[in-house]
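The block underneath contains the structure these notes are about, expressed in structure tokens.
Numbers here simply count residues along the sequence, with the first being 1. Keep in mind that this is a model prediction, so the values were computed, not measured.
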Amino acid sequence: MAVWALGLNHNTAPLDLRGRFAFALDQIAPALQGLRNSHARHPEAALLSTCNRTEVYCASDDVQVDHTLNWLAQAGDVSPAALHEHTYLLQDSHAARHAFRVASGLDSMVLGEPQILGQMKDAVRVAEDAGALGSTLNQLFQRSFAVAKEVRSSTEIGAHSISMAAAAVRLAGNLFEDLSRIRLLFVGAGEMIELAATHFAAKSPASITIANRTLERGEKLAGRFGGEVMRLADLPQRLHEFDAVISCTASTLPIIGLGAIERALKQRRHRPIFMVDLAVPRDIEPEAKQLSDVYLYTVDDLAQVVQTGQASRQAAVAQAEVIIDAGVQSFMHWMGQRDPAGGVVPLIQQLHAQADAWRSTEMARARKRLSKGEDVEAVLDALSRGLTQKMLHGAMAELRAADDASREHTARAISQLFLRGKPPGPTEE
């Protein structure tokens, strides 16, 4: 069984290319079904898609890396050659190490950020519900979660980290002298918007408004911050009211166009607008950045801000890597045990088969004696003795037949197997 991971992230691909491979949570199950059905072996598969990465994890006895690349390229409507330039491919222990690092926040744009772990758990849940997860990937991800938990509890990897939301507040503070006087608009009502609203609300802005497709969800979030809610359809007409706009939706197309921004600036008499587009694909048309009174930042633009303080956490990174190394070795040991060529699974299966054969023989003998009306206690005693003799016969025969040179080794092996490590006594001749 082999494991491989194919992906692209903020280090290997520009934002617009990543946007082509962004999958909403409800799109992952059908995507996995399409991937598995297109492969003759129907591999185990999971798909992780966030603002900063899209990764496909697969497990099968038939490695089909090119097939996985072609499938992902087709999903993003780009050529395999163009996609290949921006992807990374990892197999077996390297794939496991990568998954463990991702879950622990070591591969994130914001070092140690905790969101990725929840996103990974969501991806695994969807894969499991879709029937795409088997024992190998399930082990990989469960061990990823355990390693991530140990990293976060045993190191300071997340200490003093600056989140995307905190970085947005810092940038807004560079533009506006007093954040308590600005009017804020948040577009969307998901986790990223909730985090951003929490950080900005701490600065006591003049007002907070939530624009969302569904008013019910927007009202719930607005209620937490004493804000108001508006329909997404009303955004173009009301954009001029706001000094700062933070957007993060699952839309596949921009929802704030250049024309709407130009009209808003005119109504504002060219007072500046601070805009943060946290969505992948983009929510705000990138051409808006060329307007002199618009200060537009994307997730990639925030990268330099969130790097602050990472150098001081390098000791925690080193500690985390030690934990990850141990996790990788443990996973590969588990994989090795399952390998028919050199693992113990076939032997375990043979042992179970032999034990079942012994049990069946003794059960048949016991039923026959009971049908003759023999005493139940005597039959049960004979059954237990028969099983005991069969289980011990091989060990006793090997012990008696061993020569002087091998008898001590045989005795220790039998002691380990049957006496759970108690030191063996003198062997019988």
Whether over 12 other heavy atoms sit under 6.0 Å from H42 NE2: yes
Rounded distance (nearest 0.5 Å) linking atom OH of Y297 with atom CG of L171: 5.0 Å
Minimum-distance pair of heavy atoms, taken over all atoms of A366 and L383: CB-CD1, 3.6 Å
Sidechain-backbone polar pair: S104 side chain, L106 backbone, donor-acceptor under 3.5 Å: no
Nearest heavy atoms of F331 and T136, plus distance in Å: CE1-O, 4.0 Å
Where at least one partner belongs to residues 21-35, residue pairs that pass salt bridge (charged side-chain N to carboxylate O under 4.0 Å, His left out), sequence neighbours excluded: none
Pairwise distance CD1(I193) to OG(S247) - rounded to 0.5 angstrom: 6.0 Å
More than 12 heavy atoms from other groups under 6.0 Å of CD on Q267: yes
Aromatic ring pairing F176/F274, orientation class (parallel under 30°, perpendicular over 60°, tilted between): perpendicular
Any donor-acceptor N/O pair, Q290 side chain to E287 backbone, under 3.5 Å: no
Residues forming a side chain to side chain contact (heavy atoms under 4.5 Å, CB included) with A29, sequence neighbours excluded: V126, A130
Pairs touching residues 70-99 that satisfy salt bridge (charged side-chain N to carboxylate O under 4.0 Å, His left out), sequence neighbours left out: R97-D325
H67 backbone acceptor or donor facing N70 side chain under 3.5 Å: no
Heavy-atom donor-acceptor pair, S38 side chain to G34 backbone, under 3.5 Å: yes
Spacing of CZ belonging to F23 relative to OG1 belonging to T54, to within rounding of 0.5 Å: 6.5 Å
Flag if over 12 foreign heavy atoms under 6.0 Å of CD, Q33: no
List the atom pairs, donor and acceptor, that lie under 3.5 Å between side-chain atoms in residues 228-239 and the rest of the protein, sequence neighbours left out.
residue, atom, partner, partner atom, Å
R238, NE, E241, OE1, 3.3
R238, NE, E241, OE2, 3.1
R238, NH2, E241, OE1, 3.0

Test item: W71 and H39 side chains (from C-beta on) under 4.5 Å apart, heavy atoms: no
Residue pairs passing the salt bridge (charged side-chain N to carboxylate O under 4.0 Å, His left out) test where at least one lies in residues 194-216, sequence neighbours excluded: E194-R224
Note, S108 side chain near N52 side chain (heavy atom, < 4.5 Å): no
With V276, the side-chain contact (heavy atoms from CB on, under 4.5 Å) member among V169, I246, I284, L296: I246
Check: T298 and D301 side chains under 4.5 Å, non-hydrogen atoms: yes
Student check: side-chain heavy atoms of R125 and L25 closer than 4.5 Å: yes
Pairs involving residues 247-271, ordered by first then second residue, that meet salt bridge (charged side-chain N to carboxylate O under 4.0 Å, His left out) (sequence neighbours left out): D243-R268, D243-R271
Heavy-atom closest pair, residues L69 and P80: CD2-O, 4.0 Å
Flag, side chain of S330 to backbone of A326, donor-acceptor distance under 3.5 Å: no
N-O pairing of E44 and R36 below 4.0 Å: no
Polar side-chain atom of D277 near backbone of D283 as donor-acceptor pair, under 3.5 Å: yes
Side chain to side chain contact (heavy atoms under 4.5 Å, CB included) between F21 and L72, worked out: CA-CA 8 Å; F21 300 95; L72 188 59; 3.9 Å; yes
Check: Q115 main-chain N/O paired with E113 side-chain donor or acceptor under 3.5 Å: yes
Shortest non-hydrogen contact from Y295 toward P272: CE1-CB, 3.8 Å
From CG (L35) to CD1 (I28), nearest 0.5 Å: 12.5 Å
Whether S154 side chain and V151 backbone form a donor-acceptor pair below 3.5 Å: no
Validation: residues 4-14 side-chain donor-acceptor distances under 3.5 Å, sequence neighbours left out:
residue, atom, partner, partner atom, Å
W4, NE1, T68, OG1, 3.1
N9, OD1, N11, N, 2.9
N9, OD1, T12, N, 3.2
N9, ND2, D107, OD2, 3.4
T12, OG1, N9, N, 3.0
T12, OG1, N9, O, 3.4
T12, OG1, H86, O, 2.7

Residue pairs fulfilling ring pair (Phe, Tyr, Trp, His ring centres under 6.0 Å) with at least one residue in residues 100-125, sequence neighbours excluded: none
Q64 side chain near S60 side chain, heavy-atom distance below 4.5 Å: no
Residues which pass side chain to side chain contact (heavy atoms under 4.5 Å, CB included) with K121, listed by chain and number, not counting sequence neighbours: L117, F145
Straight-line distance of I210 CD1 to F186 CZ, nearest 0.5 Å: 6.0 Å
N138 and S135 side chains, donor-acceptor separation under 3.5 Å: no
From CA spacing to verdict: side chain to side chain contact (heavy atoms under 4.5 Å, CB included), Q416, R412: CA-CA 6 Å; Q416 182 66 32; R412 289 188 179 281; over 6 Å; no
Partner of V245 under side-chain contact (heavy atoms from CB on, under 4.5 Å), chosen from I261, V294, T209, L185: L185
More than 12 heavy atoms of other groups within 6.0 Å of H84 NE2: no
Least distance between heavy atoms, A103 atom then S144 atom: CB-O, 3.8 Å
side-chain hydrogen bond (donor to acceptor under 3.5 Å, both in side chains) involving T214 - partner list, sequence neighbours excluded: N212
Counterpart residues, side chain to side chain contact (heavy atoms under 4.5 Å, CB included), relative to D293 (two or more places apart): L265, H270
Residues forming a side-chain hydrogen bond (donor to acceptor under 3.5 Å, both in side chains) with N37, sequence neighbours excluded: none
Distance, nearest 0.5 Å, that separates CZ of R53 from CE of M109: 9.5 Å
Heavy-atom closest contact (T155 atom, A320 atom, distance): CG2-N, 4.0 Å
K220 atom NZ, over 12 foreign heavy atoms within 6.0 Å: no
Close side-chain approach of V299 and R18, heavy atoms under 4.5 Å: yes
